[in-house]
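Since the structure is predicted, the reported quantities are computational estimates derived from the model, not experimental observations. Below, read A as the first sequence line, B as the second, and so on, with proteins coming before strands; counting in each chain starts at 1.
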Protein chains: 2
Amino acid sequence: MTDLKELSRRLGLSMTTVSRALNGYPEVGAQTRARVLKLARELGYTPNALARRLSSGRAECVGFVLGDGHRYFNDPYFSELIAGIGTALGAANLDLVISGVDCSGDPLAPYRRLVDGRRVDGLILDRTRTEDARVAFLLSRGVPFVTLGRNARQNEHAWLDVDGAAAFEALTRRLLAFGHRRIGFLGADPAYNFAHERFAGYVRALAAEGLVMDPALRADGDLTEPGGAAAAALLLDRRPMPTALVCIDDLTALGAMREARRRGLAIGRDVSITGYNDLILAAIANPRLTTVSFPIRRAGERLATLLLERLRSDGPPPTGELWSGALVAGESDGPCRDG
Amino acid sequence: MTDLKELSRRLGLSMTTVSRALNGYPEVGAQTRARVLKLARELGYTPNALARRLSSGRAECVGFVLGDGHRYFNDPYFSELIAGIGTALGAANLDLVISGVDCSGDPLAPYRRLVDGRRVDGLILDRTRTEDARVAFLLSRGVPFVTLGRNARQNEHAWLDVDGAAAFEALTRRLLAFGHRRIGFLGADPAYNFAHERFAGYVRALAAEGLVMDPALRADGDLTEPGGAAAAALLLDRRPMPTALVCIDDLTALGAMREARRRGLAIGRDVSITGYNDLILAAIANPRLTTVSFPIRRAGERLATLLLERLRSDGPPPTGELWSGALVAGESDGPCRDG
DNA sequence: TTGTATGCGTTATCAT
DNA sequence: ATGATAACGCATACAA
């Protein structure tokens, strides 16, 4: 393989000059640069990324750690996110490094590996918890990172989030307008900031109508379809039965739909169900799911862009960005038919 | 950050010995090793992966290129695959590098970048075409790789595949046993080897029953839900209408279900529909989709393992592995109710 | 069992 | 505008 040394030897130039010509430094003479570029192309020269990385001290990689548990990956939204991130990073000639979870029991282990081994220049975090150990770790290490989702220390780093509280307030208001009064909440571990936010939006909408949240009408799933079905089973056993279920995400909602159907309940008539987050699943569902969508792929691209900014400049302080979701009406909810 | 030099200085040992102790070389004395390991732990020493990579000439990374077009990523099976690969690689301390498609128009560009830049030690290819330019390129470069899916040159590399022909033969036989005689095929670009294989299985089952494939009953989608709906629309316009549709995958089948439903056809009664590949989607579908599943996550792990073997040894020649899918009966198909 | 010396292929510093 | 030379941090062939 042809390297800088061979290139410079053939050209009768120093490696320094060749390197500068290749990397577009301004002080190189025009015809010198032309000669260098020509030969480099002819010989099919490609710089050795490993050497460049060691020399420059930059890994040219961004890390993303796969979430805990298998279930996570069942969510199609993950692939969209990755695709968006990968696209934007590729344009900057950065690679995306996906690290699996560690089985050692220490949830921070993959982050330590990535950061301490200098395998990545920065990271993208997903599904932040309100108190997020990863955030604390990365802040302590001074590593650039961006999160999808807010957390208690969000003012110390760049983040992007969708306003889940507003979205769930809108969904709940829609159900209230349909006449529902016993509206269940199918949530997730409230340690997740998004779960907390969405619940807050639901409570807010109820409060605006003078209703108080009934703790018996809340059940938390695990963000999977079976988890949604199980949590729905709990709530549908309550008497009087809730006439509507607001679900933390679409996968959960699909599970709830399955459980409702199993009980012979007509979805959108006997019980209303809403989801969140995933246009694909919602569109595929039968009946089509009322949900809130946002451009997850573009969010991935934006996250990568935000991180690139952190990597490049040491300029302005990091900022947060709150996007709005769009309520997409389906046929999974409708007027309350209950006394 | 503490590096090998500092470690050796503090210990009064050479960098060589420290390195050897850390990397488990047998010639290091027991108490020497203990001292080294102890201090390394105390100081939180982590080797600089960038330096190790340059020095060893190994990138410690495996590459995976995101497929062309957005649609690809809508398929949840992708996330499962990645999760499986990532898990197995992580155990070997290798990173998974995800590279986005290049917009330059050259489909090989991302592969060139990864390989020529020595960014990866090996690659995993997905969705091979019968004549696959990526395979030809990697073979010419002598880079270790594994494919999910077979191709014309499969005897020259390691691969893993699911027997799509057998699976589609089984699905089609099931429909034939239900009394269906006009069975449509919702396919995909036959340049994909899997599309070709699955179609062959379908034809084989028909032939075994003395039927010949009617070209008017084949339409190719693009492996998306809308693509499936569009292709289904074509076939459902045929007269006499096919009474069953064998679909290339579950996403396509879901699209076909939507189109059938739109026309007022009862799925599983007026028209039978089968899918392939994705347990999650099939289970979510209403009615539940008859499909063929295989453990995609385990396939990812196995692919990684196969690649690791290629990376380590220069021993036995690469082999192929053909897995069988499992037919999962749902309610999306049933007895033919037509003449 | 331990140490010395060199190489890995670039980028960066400092001259010229 | 160009070049000589020194890092970058580790691995390893060769010596002792």
Side-chain angles (χ1 to χ4, degrees), chain A residues 1-37 39-40 43-61 93-95 113 115-121 311-312, chain B residues 1-37 39-40 43-61 93 95 113 115-121 312:
Chain A
M1 209 50 199
T2 103
D3 58 9
L4 260 190
K5 197 182 300 177
E6 168 157 355
L7 224 47
S8 60
R9 192 177 51 69
R10 295 218 197 192
L11 287 161
L13 290 167
S14 73
M15 284 170 52
T16 313
T17 302
V18 176
S19 172
R20 281 197 276 234
L22 256 22
N23 292 319
Y25 281 59
E27 65 263 31
V28 178
Q31 76 253 11
T32 305
R33 163 166 292 129
R35 278 182 60 216
V36 172
L37 290 177
L39 188 67
L43 266 48
Y45 169 76
T46 310
N48 183 320
L50 269 36
R52 175 158 24 93
R53 289 169 182 180
L54 174 60
S55 183
S56 68
R58 274 168 291 125
E60 301 175 352
C61 287
N93 203 33
L94 286 196
D95 288 324
R113 216 178 68 91
V115 170
D116 293 340
R118 296 163 199 77
R119 289 165 146 87
V120 297
D121 300 318
L311 290 178
R312 284 198 216 293
Chain B
M1 209 51 199
T2 103
D3 58 9
L4 219 47
K5 197 182 300 179
E6 167 157 356
L7 224 48
S8 60
R9 193 176 50 68
R10 297 218 196 192
L11 287 161
L13 291 167
S14 72
M15 283 172 54
T16 312
T17 302
V18 177
S19 171
R20 280 196 278 234
L22 257 22
N23 293 319
Y25 281 60
E27 65 263 34
V28 178
Q31 76 255 11
T32 305
R33 162 165 295 129
R35 280 182 59 215
V36 171
L37 291 177
L39 189 66
L43 266 49
Y45 168 77
T46 310
N48 183 319
L50 270 36
R52 175 157 27 92
R53 289 169 182 180
L54 174 61
S55 181
S56 68
R58 275 169 289 125
E60 301 175 352
C61 288
N93 202 32
D95 288 324
R113 215 178 68 92
V115 170
D116 293 340
R118 295 161 200 77
R119 289 166 146 86
V120 297
D121 300 319
R312 284 197 216 293

Nearest-0.5 Å distance that lies between atom [atom1] in [X] and atom [atom2] in [Y]:
X	Y	atom1	atom2	answer
B:S8	B:D3	OG	CG	8.0 Å
B:L4	B:M15	CG	CE	4.5 Å
B:R119	A:E60	CZ	CD	5.5 Å
B:L50	A:C61	CG	SG	8.0 Å
A:L7	A:T17	CG	OG1	11.5 Å

Please report, rounded to the nearest Å, how far the [atom2] atom of [N] is from the [atom1] atom of [X].
X	N	atom1	atom2	result
B:K5	C:dG3	NZ	C1'	16 Å
A:L7	C:dT10	CG	C1'	13 Å
A:L22	C:dG9	CG	C1'	13 Å
A:D3	C:dT11	CG	P	12 Å
A:M15	D:dG3	CE	P	12 Å
A:E27	C:dA12	CD	C1'	11 Å
A:R9	D:dA4	CZ	C1'	18 Å
A:R118	D:dG9	CZ	P	8 Å

Please determine if a side-chain N or O atom of [X] lies less than 4.0 Å away from the OP1 or OP2 oxygen of [N].
X	N	result
B:S19	D:dA11	yes
B:S56	C:dC8	no
A:Y25	C:dA12	yes

Query raised in the report: Got a donor-acceptor contact below 3.5 angstrom from the B:N23 side chain to the B:Y25 backbone?
Result: no
I want to verify a distance call: between [options], whose nearest atom is closest to the [X] side chain?
X	options	result
A:T17	D:dG3, C:dT11, C:dT4	D:dG3
B:N23	C:dT10, D:dA11, C:dA12	D:dA11
B:L4	C:dT2, D:dA11, C:dC8	D:dA11
A:L54	D:dT2, C:dG9, C:dT2	C:dG9
B:R52	D:dA4, D:dC10, C:dT10	D:dC10
B:L13	C:dT13, C:dG3, C:dT10	C:dG3

Report summary line: By nearest-nucleotide position on DNA chain C, the 5'-leaning member of B:G29 and A:P47 is B:G29
Query raised in the report: DNA chain C: A:N48 or B:Q31, which has the more 5' nearest nucleotide?
Result: B:Q31
Query raised in the report: Any N or O donor-acceptor pair linking the side chain of A:S55 to the base of D:dA7 at under 3.5 Å?
Result: no
Query raised in the report: D:dA4 base to A:T16 side chain: any donor-acceptor pair below 3.5 Å?
Result: yes
Query - Earlier contact from the 5' end, DNA chain D, for B:Y45 and B:R20 - result: B:Y45
Query raised in the report: Reckon A:G117 touches a base, only the sugar-phosphate, or nothing at all at heavy-atom distances under 4.0 Å?
Result: nothing
